Participant: 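Handing you this structure, nothing more for now.
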Amino acid sequence: MPSTTSRPSTASSTNPARDSRSIDLEKLSSSQLGGPPNTQPPNDGGDVDLEKQKQDLPTRPTTLLSQTRSHRSIAGGDGYTIFPADAGDGDTAPHDYVVTWEGGDSDPLNPRSMSKLRRWVIVIIVSSSSLSVTCASSLYTTTYSQMIPRFHTSREIATLGLSLFVAGLGLGPMVLSPLSEFYGRRPIYIYSFLFFLIWLIPCAVAPNIATMLVGRFLSGLSGSAFLSVAGGTVGDIFAKQDFPFIGPEVGPLIGGFITQYTTWRWSFYVLLIWAGVQLGAIFFLVPETYHPVLLRQKAQRLRKETRNEAWKAPIENLSRSIPKTILWSCIRPFQLLFFEPMCLNLCMLSAILLGILYLFFGAFPLVFQNNHGFSIAQTGLTFLGMFVGMVLGILSDPLWRRNYARLVRQREAHGGEPGGSEPEYRLPPTIVGAFVVPIALFGFGWTTYPWRHLGLLGRLYVPRRLRQSVTHVQYPVYAASALAANSFARSSFAAAFPLFGVQMYNNLGYQWATSLLAFLALAMAPFPILFYRYGKRLRGNSRFASSTTG
């Protein structure tokens with residue numbers, strides 16, 4: 001019998017206390033464990049053979065039944081698929097043989113046991129695929145100058161193509177991403193990216209603006225499923241990571257040169273080629289990495305090899321249906337937004353920042369082309385300022401980690417449990433970023449005169465970690481729903497802001513229009529400070545929050 005089927009377990013075998021209580025399949029006869037095909041799991045009262053086995057194993061004080069009865073499955077990492085985050089106590093049915101990783105990360109079937117090179121290849125493929133989706137959202141903005149006269153439409157109608165794409169990015173995760181809980185990451189990757197590619201085709205060959213708008217919404221909706229699941233792959237194969245959202249800054253940089261030296265349709269041709277290459281790489285080089293689904297495959301093999309239908313993976317013990325999962329995926333984010341002030345305000349702050357980012361896709365051409373005579377390609381280069389700001393935010397991560405460790409040590413010195421922390425310890429980078437944003441916006445707004453050179457400082461305005469703070473601060477159990485709420489809020493603002501951005505800049509002037517955005521960001525800046533000081537009290541009155549987090 002293969003070694004991978006050697007023992008049932010309810011937790012990672014890296015725990016020696018639990019390893020010592022495991023029962024080796026190789027020490028039990030087929031009549032004891034395998035039985036005839038279609039053998040049913042022992043009932044709750046146990047059967048005679050199992051009781052005899054427990055008596056024959058005096059060195060194992062904890063019975064197999066008692067181990068498996070206490071098993072709980074927690075899996076996820078993509079922000080939208082966490083067991084048992086949204087599951088009630090009645091959603092699982094106990095089984096006597098629960099399959100898990102043997103040896104923890106060293107299990108050959110565990111994706112974390114793959115070579116470092118292969119894991120990094122997977123991360124690069126998934127990251128570059130995510131980049132192509134986010135890049136597609138903003139690259140579209142460089143086509144306005146040629147597309148508007150071609151389709152005899154207005155700037156406002158053309159901007160709908162940007163808003164609809166971003167709206168699709170926000171709506172898709174709540175409806176499509178829960179499917180990964182049942183089918184795994186790989187099917188979501190393949191099918192979502194396939195349809196993302198398919199819906200780019202009508203955009204590239206669109207004969208009218210209506211075709212373009214429909215294609216944009218459906219391509220954003222398809223790509224959103226990939227984006228919401230892709231981050232989980234990193235957590236599957238490495239320690240949990242957080243990747244920045246840099247695609248929108250790259251889009252105008254690429255699209256500006258394409259549109260200036262070819263035609264606007266080539267912007268979509270390039271996206272099609274890019275998406276096709278990525279789809280091939282995903283199909284051939286990215287395996288399934290979602291642990292619950294891999295454990296289900298392992299359980300299926302165990303049932304076939306041992307002819308014992310009692311072997312079950314944790315995901316197979318869940319009784320929730322797909323419609324129920326999708327329904328709660330759509331309902332709970334709005335519960336958090338309506339009933340949790342911390343979630344609402346942090347989501348609003350994050351949403352305002354993304355809304356400003358997408359508004360600038362219309363504002364930057366006005367400022368740089370009208371005031372400074374920039375070409376389309378040169379205007380695309382101006383987004384490098386925000387790209388540099390994102391990189392600086394990433395490079396500051398070690399500083400915030402040291403600050404987090406310092407706060408933990410202070411808590412321990414005041415009698416807290418070793419290694420314990422408070423959720424509010426994740427907020428300092430948000431506090432700093434919330435004040436850097438309005439300062440940078442004021443700097444940009446009041447250097448937009450034609451006779452002044454625009455300083456880089458005015459465009460280094462996008463801090464990261466705001467999205468991360470929403471889930472770390474108070475919702476470790478409902479992290480999936482908190483991220484969905486944040487995604488919905490961000491996408492709503494990002495879809496709405498471009499629709500009035502150009503008119504606002506034309507009516508108020510470049511300086512005061514940008515100052516209005518700065519005042520809006522400044523009004524939200526004190527909330528992270530208030531949550532840092534009074535968050536524990538607010539969490540005490542919350543129906544969703546947990547008192548601690550990691």
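Everything quoted here is computed from the prediction, not taken from an experiment. Only this structure's heavy atoms are used, side chains among them; waters, hydrogens and symmetry mates stay out.
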Participant: Of all the heavy-atom pairs spanning F226 and V126, show the shortest one and how long it is.
Facilitator: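 It is CE2-O, 3.7 Å.
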
Participant: Tell me if the aromatic rings of F519 and F442 count as close, with their centers under 6.0 Å from one another.
Facilitator: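 Centroid separation for F519 and F442: below 6.0 Å.
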
Participant: Identify every side-chain donor-acceptor pair in residues 497-508 under 3.5 Å, counting partners at least two apart or on other chains, and give the distances.
Facilitator:
from, atom 1, to, atom 2, distance (Å)
Q503, NE2, E156, OE2, 3.3
Q503, NE2, L499, O, 3.3
Y505, OH, T514, OG1, 2.7
N506, ND2, V502, O, 3.3
N507, ND2, Q503, O, 3.1

Participant: Is any side-chain heavy atom of E288 closer than 4.5 Å to one of P111?
Facilitator: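 No; the side chains remain at least 4.5 Å from each other.
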
Participant: Is there a side-chain contact (heavy atoms from CB on, under 4.5 Å) between T142 and I258 once you walk through the steps?
Facilitator: CA-CA 9 Å; T142 63; I258 295 174; over 6 Å; no

Participant: List the atom of T325, the atom of P178, and the distance in Å for their closest heavy-atom pair.
Facilitator: CG2-CB, 3.7 Å

Participant: Do F488 and C347 come within less than 4.5 Å of each other through their side chains, counting heavy atoms only?
Facilitator: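 Answer no - side chains too far apart.
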
Participant: Flag the pair F268 / Y140 as yes when at least one side-chain heavy-atom distance between them is below 4.5 Å, and no otherwise.
Facilitator: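 Touching, per the 4.5 Å side-chain cut-off.
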
Participant: Between S329 and M174, is there a donor-acceptor pair closer than 3.5 Å when you use the side chain of the first and the backbone of the second?
Facilitator: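 Yes, because the side chain of S329 sits within donor-acceptor range (under 3.5 Å) of the backbone of M174.
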
Participant: Using the ring of each side chain (for Trp, its six-membered ring), is W266 parallel, tilted or perpendicular to Y269, with breaks at 30° and 60°?
Facilitator: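 Ring orientation, 0 to 90° scale: perpendicular.
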
Participant: Of all heavy-atom pairs between A521 and L441, which one has the smallest distance, and what is that distance?
Facilitator: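 Here A521 and L441 meet closest at CB-CD1, 4.4 Å.
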
Participant: Hey, does V133 have a side-chain heavy atom less than 4.5 Å from the side chain of F196?
Facilitator: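 Yes, close enough: below the 4.5 Å cut-off.
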
Participant: Would you list the pairs meeting ring pair (Phe, Tyr, Trp, His ring centres under 6.0 Å) in which at least one residue belongs to residues 146-173, sequence neighbours left out?
Facilitator: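 Sorted pair list: F151-W264.
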
Participant: Atom OH in Y510, atom OG in S515: separation rounded to 0.5 Å?
Facilitator: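 Interatomic distance, Y510 OH to S515 OG, rounded to 0.5 Å: 14.5 Å.
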
Participant: In Å and rounded to the nearest 0.5 Å, what is the CZ to OG distance from R185 to S192?
Facilitator: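 It is 12.5 Å, given to the nearest 0.5 Å.
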
Participant: What are the two closest heavy atoms between F493 and A351, and how far apart are they?
Facilitator: CB-O, 3.3 Å

Participant: With a 3.5 Å distance limit and no angle check, can you tell me whether R119 reaches the backbone of V234 through a side-chain donor-acceptor pair?
Facilitator: no

Participant: Is a side-chain N or O of R332 found less than 3.5 angstrom from the main chain of A485, in a donor-acceptor match?
Facilitator: no

Participant: Mind checking side-chain contact (heavy atoms from CB on, under 4.5 Å) for F338 and listing every partner two or more places apart, or none if nothing turns up?
Facilitator: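 In terms of side-chain contact (heavy atoms from CB on, under 4.5 Å), with neighbours along the sequence ignored, F338 is linked to F334.
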
Participant: CG/L359 to CG/L162 distance, rounded to the nearest 0.5 angstrom?
Facilitator: 10.0 Å

Participant: Anything under 3.5 Å between a donor and an acceptor, one on a side chain of residues 278-285, the other on a protein residue two or more places apart or in another chain? List them.
Facilitator:
from, atom 1, to, atom 2, distance (Å)
Q278, OE1, S128, OG, 3.2
Q278, OE1, W274, NE1, 3.3
Q278, NE2, I125, O, 3.3
Q278, NE2, S128, OG, 3.0
Q278, NE2, S129, OG, 2.7

Participant: Does P202 have any side-chain contact (heavy atoms from CB on, under 4.5 Å) partners at least two apart in sequence or in another chain, and if so, which?
Facilitator: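 Only W199, T211 meet the side-chain contact (heavy atoms from CB on, under 4.5 Å) criterion with P202.
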
Participant: In Å, rounded to the nearest 0.5 Å, how long is the span from CG of L197 to OG of S219?
Facilitator: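 Nearest 0.5 Å value for the CG-OG distance: 10.5 Å.
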
Participant: Can any side-chain N or O of R216 pair as donor or acceptor with the backbone N or O of C203 at less than 3.5 Å?
Facilitator: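 Not at all, since once roles are kept as given, no pair shorter than 3.5 Å links the two residues.
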
Participant: Please find the pair of heavy atoms, one from P287 and one from M114, that lie closest to each other, and give the distance.
Facilitator: CG-SD, 4.4 Å

Participant: Please name the pair of heavy atoms, one in L139 and one in G255, separated by the smallest distance, quoted to 0.1 Å.
Facilitator: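 Closest approach of L139 to G255: CG-CA, 3.8 Å.
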
Participant: With a 4.5 Å cut-off on side-chain heavy atoms, are Y534 and E424 touching?
Facilitator: no

Participant: Report the C-alpha separation of V123 and T233 in whole Å, then their side-chain angles, then the decisive distance to 0.1 Å, and conclude whether the side-chain contact (heavy atoms from CB on, under 4.5 Å) test is met.
Facilitator: CA-CA 8 Å; V123 170; T233 293; 5.7 Å; no

Participant: With a 6.0 Å cut-off on the ring centroids, do F360 and F364 count as close?
Facilitator: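 Here the rings of F364 and F360 have centres that are less than 6.0 Å from each other.
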
Participant: Crowded around Y191 OH? As in, over 12 foreign heavy atoms under 6.0 Å?
Facilitator: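 Result for OH/Y191: open.
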
Participant: Is there a donor-acceptor pair under 3.5 Å between the side chain of R490 and the backbone N or O of L354?
Facilitator: no

Participant: Between T448 and G445, is there a donor-acceptor pair closer than 3.5 Å when you use the side chain of the first and the backbone of the second?
Facilitator: yes

Participant: So, using ring pair (Phe, Tyr, Trp, His ring centres under 6.0 Å) as the criterion, who are the partners of F361 when residues are at least two apart?
Facilitator: Y358, F383

Participant: So T259 and S267, side-chain contact (heavy atoms from CB on, under 4.5 Å) or not? Walk me through it.
Facilitator: CA-CA 7 Å; T259 302; S267 295; 3.4 Å; yes

Participant: So, do F387 and L253 sit near enough that their side-chain heavy atoms are less than 4.5 Å apart?
Facilitator: no

Participant: With side-chain contact (heavy atoms from CB on, under 4.5 Å) as the criterion, how do Q378 and H372 come out once you've worked through the C-alpha distance, each side chain's angles and the decisive distance to 0.1 Å?
Facilitator: CA-CA 10 Å; Q378 290 172 328; H372 302 281; over 6 Å; no

Participant: Determine whether W512 and W446 make a side-chain contact, defined as any pair of heavy atoms from C-beta on separated by less than 4.5 Å.
Facilitator: yes

Participant: Distance only, no hydrogens: is a donor on one side chain within 3.5 Å (strictly under) of an acceptor on the other, for Y532 and T430?
Facilitator: no

Participant: Counting neighbours of CZ on R155 that are heavy atoms of other residues, nucleotides or ligands and sit closer than 6.0 Å, is the number greater than 12?
Facilitator: yes

Participant: Quick check: do Y404 and S421 have side-chain heavy atoms less than 4.5 Å from each other?
Facilitator: yes

Participant: Is S396 reaching over with its side chain to a backbone N or O of G393, donor-acceptor style, under 3.5 angstrom?
Facilitator: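 At least one qualifying donor-acceptor pair exists.
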
